[in-house]
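The structure under discussion appears below in the form of structure tokens.
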Protein chains: 2
Amino acid sequence: MNSDFVIAVHSLVLLAHLPEGMATSDEIAENVCTNPVRVRKVMSCLRKNGFLDTREGSGGGYKLCRAPEEITLADVYRSLAAGSLAPNWCSGDPKKDCVVSSNMAEVMAGVFCEADRQLEAYFERITIGSMLSGIKAKQQA
Amino acid sequence: MNSDFVIAVHSLVLLAHLPEGMATSDEIAENVCTNPVRVRKVMSCLRKNGFLDTREGSGGGYKLCRAPEEITLADVYRSLAAGSLAPNWCSGDPKKDCVVSSNMAEVMAGVFCEADRQLEAYFERITIGSMLSGIKAKQQA
DNA sequence: TCAACTGTAACTGATAATATTACAGTACCG
DNA sequence: CGGTACTGTAATATTATCAGTTACAGTTGA
């Protein structure tokens, strides 16, 4: 899977952590260790899915618009990485005579589709808020 | 994830399906739709993990050495794709002052590690035998 | 001793992931 | 107004990863 998901989660946790709940793409990029353009692309997607507001122009940036405890990793996963489990390579060939070769792609797709659901269910149990707590706990130790 | 896992599963199902339980890398590659070298690489790994025997030389090939119902997808996953869930890109920087940036990589790794376990648990419930049955059922429909 | 196999390494080409550059659009602030 | 500080997005370059190909040594059976 590409790391847009990681960038999104990191950014949301960061916003949740900041006193104002707000930051620019430059600040986020610096914190995440990537470039601002990429951050803006990911943020743009998060905005479309209603996790944050953006303000253009001077003094603008990104601001969380939901409680960190209400945003699950599953929400984020669905927004920008759903279905990323299955390799984009397909084995077998529907036109072949062999039962195995001709049906493998479909059966395998089913396996990965359900795996994706399992993964999503796991992510459902983790929130931006809980990740932030986890990080803060780590600091004290 | 790369598709070695898919090739391995397909190959094992194919072997389980063939009357003799045996095939050469050329035959498997043809069925899977890839090249023999790649098949041999994957098979070599499956042999090392005890799922099949190989016979070199004329008349050789690969042969299942365990019952299809006993080989789970988790076994295969562990053999050649474990840990493939996490993107190989890491966000944040341990050297930074910010709590979030400096701890994100570790916390994220934990999330993906557990996700990997979840995925493995799901794969534990699927066997080469059950996949073959699923394919045969599909044919009759 | 030949033909049919596996086991690997080295190389090539294709595709996907990431970073960079560039610029239009928007909002605040003097 | 006009300048500055932002976002949004397209186009391009760069790098990494994946897959296919070629080549050849080692093994086995006929």
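All chains are named by letter (A, B, ...) in the order of the sequence lines, taking the proteins before the strands, and each is independently numbered beginning at 1. Only this structure's heavy atoms are used, side chains among them; waters, hydrogens and symmetry mates stay out.
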### CD1-CZ distance between A/Ile28 and A/Arg40, expressed to the nearest 0.5 angstrom
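Those atoms lie 10.5 Å apart.
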Kindly point out which of [options] is positioned nearest to the side chain of [X]?
X       : options                : value
B/Thr24 : C/dC5, D/dT21, D/dG8   : C/dC5
A/Ser58 : C/dC28, C/dA19, C/dA22 : C/dC28
A/Arg40 : C/dA22, D/dC6, D/dG20  : C/dA22
A/Arg55 : D/dG20, C/dC28, D/dT9  : C/dC28

[X] [atom1] to [N] [atom2], straight-line distance once rounded to whole Å:
X       : N      : atom1 : atom2 : answer
B/Asp26 : C/dA3  : CG    : C1'   : 14 Å
A/Arg38 : D/dA13 : CZ    : C1'   : 16 Å
A/Met43 : D/dT9  : CE    : C1'   : 16 Å
B/Lys48 : C/dT6  : NZ    : P     : 15 Å
B/Met22 : C/dA4  : CE    : P     : 16 Å
A/Lys41 : C/dA17 : NZ    : P     : 12 Å
B/Glu27 : C/dC5  : CD    : P     : 7 Å
B/Trp89 : D/dA16 : CH2   : P     : 15 Å

[X] vs [N]: side-chain N/O to OP1/OP2 distance below 4.0 Å:
X       : N      : result
A/Thr34 : C/dA19 : yes
A/Ser44 : D/dT7  : no
A/Arg47 : D/dT7  : no

### Query
Where does the angle between the aromatic ring planes of B/Phe112 and A/Phe123 fall among parallel (under 30°), tilted (30 to 60°) and perpendicular (over 60°)?
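Plane angle over 60°, so perpendicular.
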### Message
Taking A/Met22 as the starting point, is it possible to reach A/Val13 by hopping between hydrophobic residues whose side chains are less than 4.5 Å apart?
### Response
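They do not share one cluster, since no chain of ILVMFWY contacts under 4.5 Å joins A/Val13 to A/Met22.
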### Message
Could you walk me through whether B/Arg117 and B/Glu120 satisfy the salt bridge (charged side-chain N to carboxylate O under 4.0 Å, His left out) test, starting with their C-alpha distance in whole Å, then the side-chain angles of each, then the deciding distance to 0.1 Å, before giving a yes or no?
### Response
CA-CA 5 Å; B/Arg117 271 196 290 270; B/Glu120 222 178 285; over 6 Å; no
### Message
Is it true that A/Arg78 and A/Thr72 share a donor-acceptor pair across their side chains at a distance under 3.5 Å?
### Response
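A/Thr72 vs A/Arg78: no donor-acceptor pair found between side chains.
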### Task
Could you pick out which residue, B/Val37 or B/Ser25, lies toward the 5' side of DNA chain C when each is mapped onto its nearest nucleotide?
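Result of the comparison: B/Ser25.
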### Task
Could you check B/Gly57 against A/Asn88 and say which one's nearest nucleotide on DNA chain C is further toward the 5' end?
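Result of the comparison: B/Gly57.
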### Message
Once you apply a heavy-atom cut-off of 4.0 Å, does B/Asn35 come out as touching a base, just sugar-phosphate, or nothing?
### Response
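It contacts base atoms.
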